[in-house]
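For reference, the structure discussed in these notes is given below.
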Amino acid sequence: LAKADGRATWRFFEPEMDVRLQVRRALELDLRDALGNGEFEVHYQPVFDLQENRIGGFEALLRWNHPTRGQVSPAEFISLAEEIGLIVPLGEWVLRTACAEAATWPKYIKLAVNVSVAQFKNAHLFEIVTSSVRASGLSPRRLELEITESLLLANNTATLAKLHELRDFGVRIAMDDFGTGYSSLNYLRSFPFDKIKIDQSFVSGMTNRDGSRAIVKAMTAMASSLGIRATAEGVETQEQLAWLRAAGCDEAQGFLFSRALPAAQLPGLIHQWNDQKRAAV
Ligand code: C2E
Ligand code: MG
Ligand code: MG
Ligand code: MG
């Protein structure tokens, strides 16, 4: 196909495409070995409770310490891990690691774990969740699973049944990146979520005149009238925080408080925010 015959104006393999493919293949090969090589690490970003004025939970965020590339972002490898089927064992590892870690935190502090679509569709998800919780000794009420709207696109009964099964076990369900999906409101009607996480694009827009402020206010009011919590993602400035407080948002998460940190740094962070700084934010 790539042969240049007088008339051909396109080629199947462009040189740049070839390079990109090679980079991707190399990353894929490395990814297949990374779990066995112990290259993954879970970091934890605090979720600040705006009513209690303290850290109320942490979100587990996966980090890949690549031997030569350094830290590779989840944005670069999660979808690849989904495609090659690695997300199922990888997601299980995250869940087990994070539950064991969270069991050492003060009891009022919760843990949130991201669950990808492929992981959710896996037949063993429920067993993986229950066995991670039981092995760690963590109360299921302290675990929250974050799912995205793409999971609910099909809106099929099997997915809803699975969500209910998990919720009956005691874990909470949060809808991540709320507002970025195709039909967010419809999902709130078909499944009783415990929380929406307002996508950071709305939060960053709050200081512009693009309507984001009104949207965040409406989302928060809606969550409140449905009896579910609203968390704002990607909070970077005091000004955004002030707007979120005024809108009645329950929780805030973002670089203003802290980036995701290795487990060893959490006791210090909890002490700093929850024992020393309580009046400061
Ligand atoms: P997410 O679940 O929406 O996580 C929030 C992302 O926003 C994290 O990026 C976090 O570091 C980043 N973030 C937090 N605060 C701020 C802020 O103030 N400003 C900005 N600009 N960004 C902020 P991260 O860690 O790179 O993760 C990206 C995405 O990768 C996550 O989005 C999640 O969808 C996925 N991911 C991460 N860890 C896992 C995992 O263990 N399993 C699965 N399935 N997906 C994961
Ligand atoms: Mg998340
Ligand atoms: Mg999110
Ligand atoms: Mg996001």
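Being a predicted model, the structure only gives us computed values, none of them experimental. Whatever order the structure lists ligands and atoms in, that order sets their numbers, starting from 1.
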In Å, rounded to the nearest 0.5 Å, how long is the span from [atom1] of [X] to [atom2] of [Y]?
| X | Y | atom1 | atom2 | result |
| --- | --- | --- | --- | --- |
| Leu143 | Arg172 | CG | CZ | 10.0 Å |
| Leu151 | Lys121 | CG | NZ | 5.5 Å |
| Ile270 | Gln265 | CD1 | CD | 12.0 Å |
| Thr207 | Gln240 | OG1 | CD | 5.0 Å |
| Leu125 | Glu165 | CG | CD | 9.0 Å |
| Leu266 | Ile109 | CG | CD1 | 8.5 Å |

Distance to the ring centre below 6.0 angstrom and angle to the axis at most 45 degrees; does that hold for Lys162 and Phe120?
yes

Got a donor-acceptor contact below 3.5 angstrom from the [X] side chain to the [Y] backbone?
| X | Y | value |
| --- | --- | --- |
| Gln276 | Trp273 | no |
| Asn37 | Glu39 | no |
| Glu41 | Asn65 | no |

Using a 4.0 Å heavy-atom cut-off, say whether [X] meets ligand 1 through its side chain, its backbone, both or neither.
| X | result |
| --- | --- |
| Ile78 | side chain |
| Asp176 | side chain |
| Asp177 | side chain |
| Gln200 | side chain |
| Lys197 | neither |

Any N/O pair Leu256/ligand 1 closer than 3.5 Å
no

Would you check the N or O atoms of Leu62, main chain and side chain alike, for any that come under 3.5 Å of an N or O of ligand 1?
yes

Heavy-atom distance to [atom]: which of [options] wins?
| atom | options | answer |
| --- | --- | --- |
| atom 33 (C) of ligand 1 | Asn114, Thr237, Ile147 | Asn114 |
| atom 16 (C) of ligand 1 | Phe120, Phe255, Trp93 | Phe255 |
| atom 30 (O) of ligand 1 | Ser201, Pro74, Ala112 | Pro74 |

Between Arg24 and Glu83, does any side-chain N to carboxylate O distance fall below 4.0 Å?
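Here Arg24 pairs with Glu83 in a salt bridge, since their nearest N and O are under 4.0 Å apart.
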
Check ligand 1 against [X] and write out every atom of the ligand that is under 4.0 Å from a heavy-atom position of the residue.
| X | answer |
| --- | --- |
| Glu236 | 17 (C), 18 (O), 19 (N), 20 (C), 21 (N) |
| Gly234 | 16 (C), 17 (C), 18 (O) |
| Leu61 | 4 (O), 8 (C), 10 (C), 11 (O), 25 (O), 37 (C), 38 (N) |
| Gln45 | 14 (C), 15 (N) |
| Val94 | 41 (O) |
| Gly254 | 15 (N), 18 (O) |

Is ligand 1 less than 4.0 angstrom away from at least one heavy atom of [X]?
| X | answer |
| --- | --- |
| Gln253 | no |
| Glu59 | yes |
| Ala75 | no |
| Arg63 | yes |

Can you confirm whether Lys217 is buried at NZ, in the sense that more than 12 heavy atoms of other residues, nucleotides or ligands lie under 6.0 Å from that atom?
no

Would you list the protein N, O or S atoms within less than 2.8 Å of the Mg ion (ligand 2), leaving out water?
Glu59 OE2, Asn114 OD1, Glu146 OE1, Asp176 OD2

Please check if the distance between the ring centroids of Phe40 and Phe77 is under 6.0 Å.
yes

Option passing side-chain hydrogen bond (donor to acceptor under 3.5 Å, both in side chains) with Glu144 (candidates Arg229, Lys197, Lys195)
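For Glu144, the side-chain hydrogen bond (donor to acceptor under 3.5 Å, both in side chains) check succeeds only for Lys195.
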
Fit a plane to each ring of Phe48 and Phe257, take the angle between them on a 0 to 90° scale, and name the class: parallel (under 30°), tilted (30 to 60°) or perpendicular (over 60°).
parallel

Identified side-chain contact (heavy atoms from CB on, under 4.5 Å) counterpart of Ile147 within the set Leu163, Asp176, Asp177, Thr159
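In the set Leu163, Asp176, Asp177, Thr159, the residue that makes a side-chain contact (heavy atoms from CB on, under 4.5 Å) with Ile147 is Leu163.
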
